[in-house]
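Quick notes on the structure that follows.
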There are 2 protein chains.
Amino acid sequence: MKDVPVEIQPEMCKVTDALGILVGKWKPVILLHLLNSGTQRFNELKRSLPGITQKMLTNQLRELEEEDIIERKVYAQVPPKVEYSVTEYGRSLEPILHAMHEWGAKHTIHKQSKKHNQAEAK
Amino acid sequence: MKDVPVEIQPEMCKVTDALGILVGKWKPVILLHLLNSGTQRFNELKRSLPGITQKMLTNQLRELEEEDIIERKVYAQVPPKVEYSVTEYGRSLEPILHAMHEWGAKHTIHKQSKKHNQAEAK
DNA sequence: TGGTATAGTATAGAAAAGGATACTGTGAAT
DNA sequence: ATTCACAGTATCCTTTTCTATACTATACCA
């Protein structure tokens with residue numbers, strides 16, 4: 001039997017796919033905020049996310065909408081009113097987000113103790 | 001009582017932290033491969049990942065090593081021998097990777113049926 | 001008449017990520 | 001003497017992501 005190597009590409013990786021939906025400087029934060037606070041208007045979100053630009057907020061929201069994770073509801077009013085909320089489908093990401101939050105919190109501690117050990121070892 | 005808005009930043013988000021470790025075009029793929037196949041040498045990895053450049057492979061491996069997810073073991077030989085493996089600590093990411101894989105697979109189907117519905121609705 | 005609020009778009013530029021290609025040192029095999 | 005395998009660096013370039021800033025339409029309020 002030949003030793004045929006297993007060939008792998010990022011394009012066929014489902015983990016990469018899932019990750020692709022979450023990456024973006026503000027996407028996790030927006031998603032978590034919508035999950036916590038429920039439906040929010042554009043400017044409510046903007047005020048909750050200090051430092052974000054309008055362009056970025058629009059952009060990240062559109063990308064999440066594109067993947068069916070959030071919903072955008074436009075009211076025919078003036079001044080405009082647009083509401084964003086997490087879809088039923090989007091909520092299926094909650095366990096993953098929760099797991100990542102837990103892991104991330106532990107990792108922060110792990111890194112600190114690593115640093116501490118290095119300092120100790122002079 | 002005033003309606004004080006909750007202010008959020010990506011820098012304080014643990015999900016963003018966890019995500020940061022996994023992002024990079026080849027990181028999930030490398031990690032999954034090391035988890036599946038165990039210890040691997042640099043060129044074994046390279047051959048398993050068609051399309052990756054040496055620079056990218058080195059770079060992604062170093063970033064994973066930096067976070068203590070993988071281990072790099074250098075043998076004092078010529079030609080050089082360097083082995084990479086997932087650390088005990090790195091294995092704590094497995095449930096998350098698994099959950100993402102599952103979700104990603106379902107999402108692929110979700111997107112397909114969405115497309116199908118759109119086509120149906122002419 | 002001018003200012004405010006809303007939910008954006010447009011444009012330009014900086015910074016980060018990734019790609020292409022060439023080069024390195026060393027021992028062993030041809 | 002040349003070539004190969006190995007595990008990288010070094011350099012330059014392109015693409016993508018993110019930032020900064022200005023601008024839009026419309027109704028309402030003073």
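Chain A is the first sequence line, chain B the second, and so forth, proteins listed ahead of strands; every chain is numbered from 1. Only heavy atoms go into these numbers, but all of them, side chains included; no hydrogens, no water, no symmetry mates.
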Could you give the [atom1]-to-[atom2] distance, from [X] to [N], as a whole number of Å?
{"X": "A:Arg72", "N": "C:dT6", "atom1": "CZ", "atom2": "C1'", "value": "13 Å"}
{"X": "A:Leu49", "N": "C:dA7", "atom1": "CG", "atom2": "C1'", "value": "15 Å"}
{"X": "B:Glu44", "N": "D:dA7", "atom1": "CD", "atom2": "P", "value": "8 Å"}
{"X": "A:Glu65", "N": "C:dA7", "atom1": "CD", "atom2": "P", "value": "15 Å"}
{"X": "A:Leu57", "N": "D:dC18", "atom1": "CG", "atom2": "P", "value": "13 Å"}
{"X": "B:Leu61", "N": "D:dA7", "atom1": "CG", "atom2": "C1'", "value": "11 Å"}

For this session: List for me each residue that meets salt bridge (Lys or Arg N to Asp or Glu O under 4.0 Å) alongside B:Lys27, sequence neighbours excluded, and say none if there are none.
Result: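 Applying salt bridge (Lys or Arg N to Asp or Glu O under 4.0 Å) to B:Lys27 gives B:Glu63.
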For this session: Take atom CD of A:Glu11 as the centre, draw a 6.0 Å sphere, and report whether it contains more than 12 heavy atoms from other residues, nucleotides or ligands.
Result: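 It does: A:Glu11 CD has more than 12 such atoms within range.
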Exercise. More than 12 foreign heavy atoms under 6.0 Å from NE2 of A:His110: is that the case here?
Worked result: yes
Exercise. Base, sugar-phosphate alone, or nothing: which one does B:Tyr84 contact when heavy atoms must sit under 4.0 Å apart?
Worked result: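 Result for B:Tyr84 = sugar-phosphate.
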For this session: Measure the shortest side-chain to side-chain distance between B:Leu35 and B:Glu94 over non-hydrogen atoms and say whether it is less than 4.5 angstrom.
Result: yes
For this session: Check whether any side-chain N or O of A:Arg47 sits under 4.0 Å from OP1 or OP2 of C:dA7, and answer yes or no.
Result: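 The answer is no; no side-chain N or O of A:Arg47 sits under 4.0 Å from OP1 or OP2.
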For this session: Could you tell me whether the phosphate oxygens of D:dA7, OP1 or OP2, come under 4.0 Å of any side-chain nitrogen or oxygen in B:Arg41?
Result: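 For B:Arg41, the contact criterion (side-chain N or O under 4.0 Å from OP1 or OP2 of D:dA7) is met.
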Problem set entry | Where protein sits on nucleotides 13-30 of chain C, one letter per nucleotide: B base, S sugar-phosphate only, - none, heavy atoms under 4.0 Å | -----BBB----BSS---
For this session: Any salt bridge (Lys or Arg N to Asp or Glu O under 4.0 Å) involving residues 67-77 of chain A? Give me the pairs, sequence neighbours left out, ordered by first then second residue.
Result: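 Output for this query lists A:Glu67-B:Lys111.
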For this session: Anything under 30° is parallel, anything over 60° is perpendicular, the rest tilted; go ahead and classify A:Tyr84 against A:Phe42.
Result: tilted
